[in-house]
Amino acid sequence: MSGPAATQFLTLHEIVVAARANLAPGPWGYLIGGTETETTVRRNRLALDSIAFRPRVLRDVSAVDSTATFLGRAVRLPVILAPVGGMESFVAEGAAAAARAAAQFGIPQMLSSVCHPGLEATAAAADTLRVFQLYVRGDEAWVDDWARRARAHGFSAFCFTVDSAFYSRRERDLIGRYVKPWRADAAAGVKYQAALSWDQVKRFKDRHDLPVILKGIATAEDAEIAVRHGVEVIYVSNHGGRQLDHGLGSAAVLPEIVAAAGGHAEVWVDGGFMRGSDVVKAIALGARCVGLGRLACLGLAAAGVAGLVRALELMEEEIRTCLGLLGVTTLAELTPAHVAAAPPVFEPAALSAFPLLGEDLGATRPA
Ligand SMILES: Cc1cc2nc3c(=O)[nH]c(=O)nc-3n(C[C@H](O)[C@H](O)[C@H](O)COP(=O)(O)O)c2cc1C
């Protein structure tokens with residue numbers, strides 16, 4: 001589909017359908033799948049679907065503002081494009097297309113170290129707010145070199161993904177014999193990632209003055225240790241259910257981590273966020289920013305840069321509608337009193353946020 005036609009998408013559902021039509025089974029399974037039984041994938045959705053809203057009324061919501069700040073800079077929504085390795089499996093220009101969409105729409109991008117066209121070319125592709133995510137595949141000098149390059153190319157923070165000591169068993173990929181083109185590079189030096197410890201976090205903080213993000217924190221205990229190390233951002237994530245199976249849903253652990261951070265570090269979150277209302281729930285529970293992984297890739301696969309921009313426009317419309325109907329005019333007014341625990345209505349699945357899709361695309365019927 002050419003760029004302008006992307007404006008014809010009136011719902012996020014249609015974007016998912018277009019992405020499915022454009023992707024071969026291998027990349028589709030790689031994108032949608034998770035680890036082993038995919039219980040963590042489902043729990044991400046279950047956790048979000050187990051939160052209901054408590055709306056307030058008669059509060060003049062004629063002007064709603066859904067803008068936010070990201071590491072002190074103004075952004076259009078409280079969301080970031082989560083780091084995705086092998087994005088070139090979904091759109092030919094890979095991370096460069098994501099950078100252009102982020103710049104065009106006005107949100108930040110987090111670039112994965114295992115994504116083409118690489119750090120320098122992605123930075124050159126668009127002038128956008130960007131942060132860098134590293135999988136550690138070398139010694140301290142190797143890490144320092146990435147930090148130097150990131151700083152030199154305008155990345156404003158440095159992220160270590162800490163939920164990936166081992167690469168997990170993604171059974172959709174294994175059964176489909178899908179060989180990810182970039183895995184050979186990514187697999188070299190994995191022992192360095194497995195050996196990571198808090199000592200390396202301390203060393204990095206002592207040596208570099210880039211803000212540090214730890215992505216993959218899933219307990220209050222680790223959030224407390226992160227705060228003690230002066231980490232600027234605690235990024236609650238289970239890698240979209242693609243690493244440890246049988247974890248809790250991200251939205252379920254968010255409150256304990258916000259409490260543990262105690263305002264000393266920003267808390268970001270991802271895992272199953274597909275709708276504007278999902279983002280609003282996270283902000284109400286104390287997150288500052290929400291990462292979009294699969295949704296961003298679905299937008300790119302549907303119609304390239306224009307497809308992702310359209311997905312973000314639709315999400316923005318959903319967020320603004322949700323805020324107005326909750327009786328607030330800014331994200332800052334959201335509090336935990338705007339949400340409550342509730343039984344989920346849908347059986348959770350990777351795409352259960354789109355119940356009109358039909359079961360063949362991974363949506364499920366009401367329970
Ligand atoms: C295809 C794909 C590749 C990913 N690659 C990376 C990566 O290179 N680094 C990383 O930290 N997380 C990676 N993730 C995890 C995402 O950053 C994010 O945590 C996750 O996708 C959030 O869940 P969601 O897809 O349900 O939004 C990847 C996710 C997907 C779907």
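Counting convention: from 1, in listed order, for ligands and their atoms alike. Note that the numbering runs from 1 along the sequence shown for the chain.
- Residue-level proximity to ligand 1 for Met110 is absent, since no heavy atom of it falls below 4.0 angstrom.
- The proximity of Met274 to ligand 1, defined as any non-hydrogen pair under 4.0 Å, does not occur for either the backbone or the side chain.
- At a 3.5 angstrom cut-off on N or O pairs, Ala82 does not count as close to ligand 1.
- Phe90 and Tyr30 have their aromatic ring centers within a separation under 6.0 angstrom.
- In terms of N/O distances under 3.5 Å, ligand 1 is not approached by Tyr235.
- When non-hydrogen atoms are compared, ligand 1 lies under 4.0 Å from neither the backbone nor the side chain of Met87.
- Looking at Tyr30 next to ligand 1, no N or O pair under 3.5 Å apart turns up.
- Atoms of ligand 1 lying under 4.0 Å from at least one heavy atom of Gln133, given by number and element, are 7 (C), 8 (O), 9 (N), 10 (C), 11 (O).
- Heavy atoms of Leu31 come nearer than 4.0 angstrom to ligand 1 in at least one pair.
- Side-chain contact of Ser237 with Asp270: a donor-acceptor pair under 3.5 Å is present, judged by distance alone.
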Go through Arg59 and Thr329 one step at a time and tell me if the side chain to side chain contact (heavy atoms under 4.5 Å, CB included) criterion holds.
CA-CA 9 Å; Arg59 290 179 171 249; Thr329 55; over 6 Å; no
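- Taking every heavy atom of Gly272 and a limit of under 4.0 angstrom, the matching atoms of ligand 1 come to 23 (O), 24 (P), 26 (O), 27 (O).
- Set against the non-hydrogen atoms of Arg294, the atoms of ligand 1 under 4.0 Å away are 23 (O), 24 (P), 25 (O), 26 (O), 27 (O), 31 (C).
- Residue Pro83 holds the heavy atom nearest to atom 14 (N) of ligand 1 of all those in Pro83, Gly241, Ser89.
- Comment: Glu38 engages Arg172 in a salt bridge, judged by a side-chain N to carboxylate O separation of less than 4.0 angstrom.
- Below 4.0 Å from some heavy atom of Gly293 lie the following atoms of ligand 1, by number and element: 21 (O), 25 (O), 27 (O).
- A cation-pi arrangement, defined by a distance under 6.0 Å to the six-membered ring centre and an angle within 45 degrees of its axis, is absent between Lys215 and Phe160.
- The pair Asp144-Arg148 does not meet the salt-bridge criterion, since no charged nitrogen lies less than 4.0 angstrom from a carboxylate oxygen.
- Each of the following atoms of ligand 1 lies closer than 4.0 Å to a heavy atom of Ser237: 19 (O).
- Remark: ligand 1 and Phe90 share no N or O pair separated by less than 3.5 Å (distance only, no angle test).
- In this structure, Arg170 satisfies the cation-pi test against Tyr167, with its NZ or CZ atom closer than 6.0 Å to the six-membered ring centre and inside 45 degrees of the ring normal.
- Short contacts between ligand 1 and Gly85, defined as distances under 4.0 Å to a heavy atom of the residue, involve ligand atoms 3 (C), 4 (C), 5 (N), 6 (C), 7 (C), 8 (O).
- Less than 4.0 angstrom separates some heavy atom of Lys215 from each of these atoms of ligand 1: 10 (C), 11 (O), 12 (N), 15 (C), 16 (C), 17 (O), 18 (C), 19 (O).
- Counting heavy atoms closer than 4.0 Å to ligand 1, residue Val84 contributes atoms from both its backbone and its side chain.
- The shortest N/O to N/O separation between Leu295 and ligand 1 does not fall below 3.5 Å.
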Go through it in stages, so that I can follow the logic: the residues are Val269 and Leu285, the test is side chain to side chain contact (heavy atoms under 4.5 Å, CB included), and I'd like the CA-CA distance, side-chain angles, deciding distance and then a yes or no.
CA-CA 11 Å; Val269 65; Leu285 290 173; over 6 Å; no
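- Salt bridge Arg151/Asp209: present, at least one basic N to carboxylate O contact under 4.0 Å.
- A cation-pi geometry, defined here as NZ or CZ lying under 6.0 Å from the six-membered ring centre and within 45° of its normal, does not hold between Arg310 and Phe9.
- The aromatic rings of Trp146 and Phe132 lie parallel to each other, their planes meeting at an angle below 30°, with 60° marking the opposite boundary.
- If you check the side chains of Trp142 and Glu140, you find no donor sitting under 3.5 Å from an acceptor.
- The Thr161 neighbourhood of ligand 1 comprises atoms 10 (C), 11 (O), with distances under 4.0 Å to a heavy atom of that residue.
- Under a 4.0 angstrom heavy-atom cut-off, Val114 registers as being in contact with ligand 1.
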